[in-house]
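Right, one structure below, let's go through it.
Every value quoted in this text rests on a predicted model; they were computed, and no experiment measured them. The chains referred to below are lettered A, B, ... by the order of the sequence lines, with proteins before strands, and numbering in each begins at 1.
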Amino acid sequence: MRPFMAKSREWNKKITKLIRNGRLCEARRVFDSMTDRNTVTWNSLISGYVQNREIASARKLFDEMPERDVVSWNLMISGYMACRGSREMGDGRMLFDRMPERDLVSWNTVISGYARNGRMRDALSLFDTMPDRNVVSWNAMVTGFLQNGEVSSAVEFFERMPERDSASVSALVSGLIHNGRLNEAAEILENFRTVCGGEQELVDAYNTLIAGYGQSGNVEEARRLFDQIPYRPDFRKGDLKFRRNVVSWNSMIMCYTKVGDLISARQLFDEMDERDIVSWNTMISGYVQCSNLEEASNLFCMMSEPDSRSWNSMISGYAHQGKLDLALDFFNRMPERRLVSWNTMIAGYEQNGDYEEAIRFFCQMQREGEKPDRHTLSSVLSACAGLAALNQGKAIHQRVLKTVIADTPISNSLITMYSRCGVLGEALAVFNEVKMQRDVISWNSIIGGHAYQGFGVEALMLYKEMRRLKVRPTYITFILVLSACAHAGLVDEGLRQFKSMVSEFGIEPQVEHFASLVDLLGRNGYLQEAMDLIDTMPIEPDRAVWGALLGACRVHDNVELAITAAKALTRLEPESSAPYVLLYNMLADGGRWDEATEVRTMMERNGVKKQPGYSWIELNDKVHVFVAADASHPLSTEIHALIECCDRVIKDLFYATENVLCFNNIDL
DNA sequence: GTAGGGTTAG
């Protein structure tokens with residue numbers, strides 16, 4: 001035996017293992033350090049890039065490699081087909097047409113690529129012309145039909161198959177479930193059971209159905225099936241093959257975690273003889289989903305080799321609890337961070353309102369060579385919306401045009417971002433571009449944008465257009481419509497819309513709707529009516545409801561109701577300074593100094609501190625945040641000097657115009 | 001080291 005052969009085989013194994021553990025960069029370093037690479041070495045690394053959707057890197061290796069075999073070609077084709085874009089699929093097809101020698105895998109790769117992306121006609125024409133077919137070719141067609149909702153074609157193909165294996169049955173059963181036909185799926189399984197008795201394939205079909213029941217939340221039925229599969233083989237019956245495998249256990253555990261029954265999930269987990277990485281990850285993610293990070297972390301620590309899913313579950317768990325420091329700790333400790341890890345951190349910061357950090361992470365991610373996808377872009381767009389960072393948002397819009405083909409959620413984020421940045425024209429431009437793929441969220445975004453910017457009448461016009469096009473509004477639509485009416489002073493219209501929400505659409509009013517109604521009435525001077533509404537509303541009023549009343553009292557200078565509202569607010573949020581401050585200012589404005597002082601004393605006695613106000617400005621793609629009495633900005637001294645200068649100019653003008661404040665003509 | 005189904009992360 002030649003020693004160097006054994007050597008390169010060992011290295012190839014090492015590369016494969018690194019790729020399996022998500023350490024692609026390390027695999028690349030091993031590859032680069034090798035002197036005796038063979039075709040398998042090249043193919044292994046290409047496979048790593050393909051698995052990680054780095055198609056350009058895969059192609060570069062493919063073009064550079066000295067000798068390509070049929071596996072190299074097949075790997076590249078499968079990489080292109082998995083990218084799903086029509087351009088990439090075209091590239092894959094081009095390679096297929098150009099390759100010197102095709103095998104069954106080549107044909108099946110292209111067929112399933114077409115089938116998965118709804119191009120059944122292309123899939124079918126290849127299927128019909130291919131020299132010979134195997135069970136994989138048939139299964140790919142069945143799956144494709146089911147994914148496109150063509151259930152009868154799928155069943156027809158299934159029946160025409162010359163031979164079937166466990167994947168054929170699983171494909172049909174799971175496809176039927178995804179088309180909402182659980183009963184038919186169960187029927188197929190029953191037929192299959194009588195035909196093939198206690199074979200291994202039956203277990204796979206059972207597992208599919210268990211998972212299907214789990215998806216629809218029917219744990220009892222799933223458990224009934226699970227219990228029908230014997231735990232251990234029954235030797236007396238000669239039943240050697242029909243027994244639970246690790247997927248049966250994992251699927252059942254998943255059913256329990258899905259409904260939050262972690263006790264039962266854990267019982268099964270502890271009962272298992274052999275757990276695989278999926279068992280561990282399913283349990284961890286179950287604990288994460290019900291916010292039990294302690295147990296999640298216990299299990300995580302017990303794992304010998306956590307993979308990227310294990311790490312990312314922990315990161316997302318802590319991020320959801322707002323513990324970004326702990327999330328970051330896991331993020332930093334993981335052996336190799338991939339796109340999902342970055343996305344989890346960015347989404348975590350964004351959802352916790354730390355928009356600057358979300359954007360900072362986004363920039364760092366790109367510096368480290370990771371390409372954003374739709375998840376990244378959607379989070380970052382929300383962060384830009386939160387900061388009203390228009391230039392950043394525009395730059396990301398450009399990225400979107402290069403990265404995503406047509407994606408409704410992303411377009412909706414763009415609409416929201418432009419709205420929040422105050423450029424409704426841009427928001428409308430996006431809204432008009434996606435005419436064909438609008439959903440109710442697109443409408444909510446554009447209506448909300450107009451309402452938010454004070455264009456109540458325009459918001460209502462958009463709502464009417466939405467109704468004309470028979471788009472069914474949601475409860476959020478009505479929060480926005482009521483807010484639009486409030487801003488436009490259309491009290492009667494608002495009340496009419498509220499009634500129509502209940503009577504026409506059967507939407508049960510939520511506390512947010514009452515807050516909007518209180519705002520609608522109060523803002524337009526109907527303070528007593530707003531108060532009466534609070535007294536009679538069927539839900540407990542929350543801070544938004546009382547806040548709306550208090551704001552209205554401030555505008556219309558009703559001190560007595562303001563006191564009621566402020567009292568209610570301090571009961572709900574004892575630590576908030578806003579109601580005290582607002583009430584203090586109102587009393588002081590009215591010259592009621594004794595009561596004002598009393599409010600101030602009460603605030604101090606209750607240990608409430610005034611929270612510093614803050615504002616921000618976007619300049620040269622950077623967002624600068626200013627907090628009162630904060631000197632952390634690099635140009636703090638200069639900024640304060642400038643403010644003082646402005647202050648002087650304003651004061652001079654103020655006195656010069658004999659106490660008549662007129663900002664309109666000031667040219668600073 | 002490559003093709004189809006069923007279990008895990010954003």
Side-chain angles (χ1 to χ4, degrees), chain A residues 12-13 15-16 19 22 38-48 50-51 69-79 81-82 103-113 115-116 134-144 146 164-175 177 201 203-212 214 245-255 257 276-286 288-289 306-317 319-320 334 338-348 351 373-376 378-379:
Chain A
N12 291 347
K13 271 190 180 169
I15 289 182
T16 310
I19 290 169
N38 55 26
T39 309
V40 176
T41 322
W42 288 85
N43 288 347
S44 302
L45 197 60
I46 290 180
S47 157
V50 163
Q51 282 169 44
D69 64 5
V70 65
V71 176
S72 328
W73 287 87
N74 290 345
L75 272 165
M76 273 319 298
I77 295 172
S78 90
M81 296 319 261
D103 64 3
L104 256 171
V105 177
S106 329
W107 286 91
N108 289 341
T109 306
V110 182
I111 287 178
S112 91
R116 268 201 308 264
N134 64 3
V135 63
V136 177
S137 332
W138 286 91
N139 290 349
M141 292 302 291
V142 170
T143 307
L146 287 164
R164 299 181 195 98
D165 63 4
S166 69
S168 325
V169 184
S170 291
L172 187 61
V173 168
S174 89
I177 291 169
E201 290 94 70
V203 179
D204 295 329
Y206 262 86
N207 293 346
T208 310
L209 200 55
I210 289 172
N245 61 17
V246 67
V247 178
S248 327
W249 289 88
N250 293 347
S251 303
M252 194 60 230
I253 290 176
M254 190 216 64
C255 292
T257 60
D276 67 1
I277 186 112
V278 179
S279 330
W280 287 90
N281 286 345
T282 308
M283 275 313 298
I284 290 178
S285 123
V288 160
Q289 272 155 34
D307 69 359
S308 64
R309 282 181 159 86
S310 333
W311 286 97
N312 290 333
S313 290
M314 295 304 298
I315 295 174
S316 109
H320 271 294
M334 62 188 297
R338 302 229 65 87
L339 184 58
V340 178
S341 331
W342 287 100
N343 285 352
T344 312
M345 286 303 297
I346 293 171
Q351 276 150 28
D373 68 355
R374 39 197 292 273
H375 298 279
T376 331
S378 148
S379 296

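For A:T16, the side-chain hydrogen bond (donor to acceptor under 3.5 Å, both in side chains) test picks out no residue, with sequence neighbours left out. Not counting sequence neighbours, A:T257 has no partner by the side-chain hydrogen bond (donor to acceptor under 3.5 Å, both in side chains) test. Take A:R116 and apply the salt bridge (Lys or Arg N to Asp or Glu O under 4.0 Å) test, not counting sequence neighbours, and it matches no residue. For A:T376, the side-chain hydrogen bond (donor to acceptor under 3.5 Å, both in side chains) partners are A:N343, A:D373, not counting sequence neighbours. Residues satisfying the side-chain hydrogen bond (donor to acceptor under 3.5 Å, both in side chains) test with A:S47, not counting sequence neighbours, are A:Q51.
At a threshold of 4.0 angstrom between heavy atoms, the contacts of A:N12 with the nucleic acid are absent.
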Protein-proximity profile, nucleotides 3-10 of chain B, B/S/- by nucleotide at the 4.0 Å heavy-atom cutoff, equals BBBBBBBB

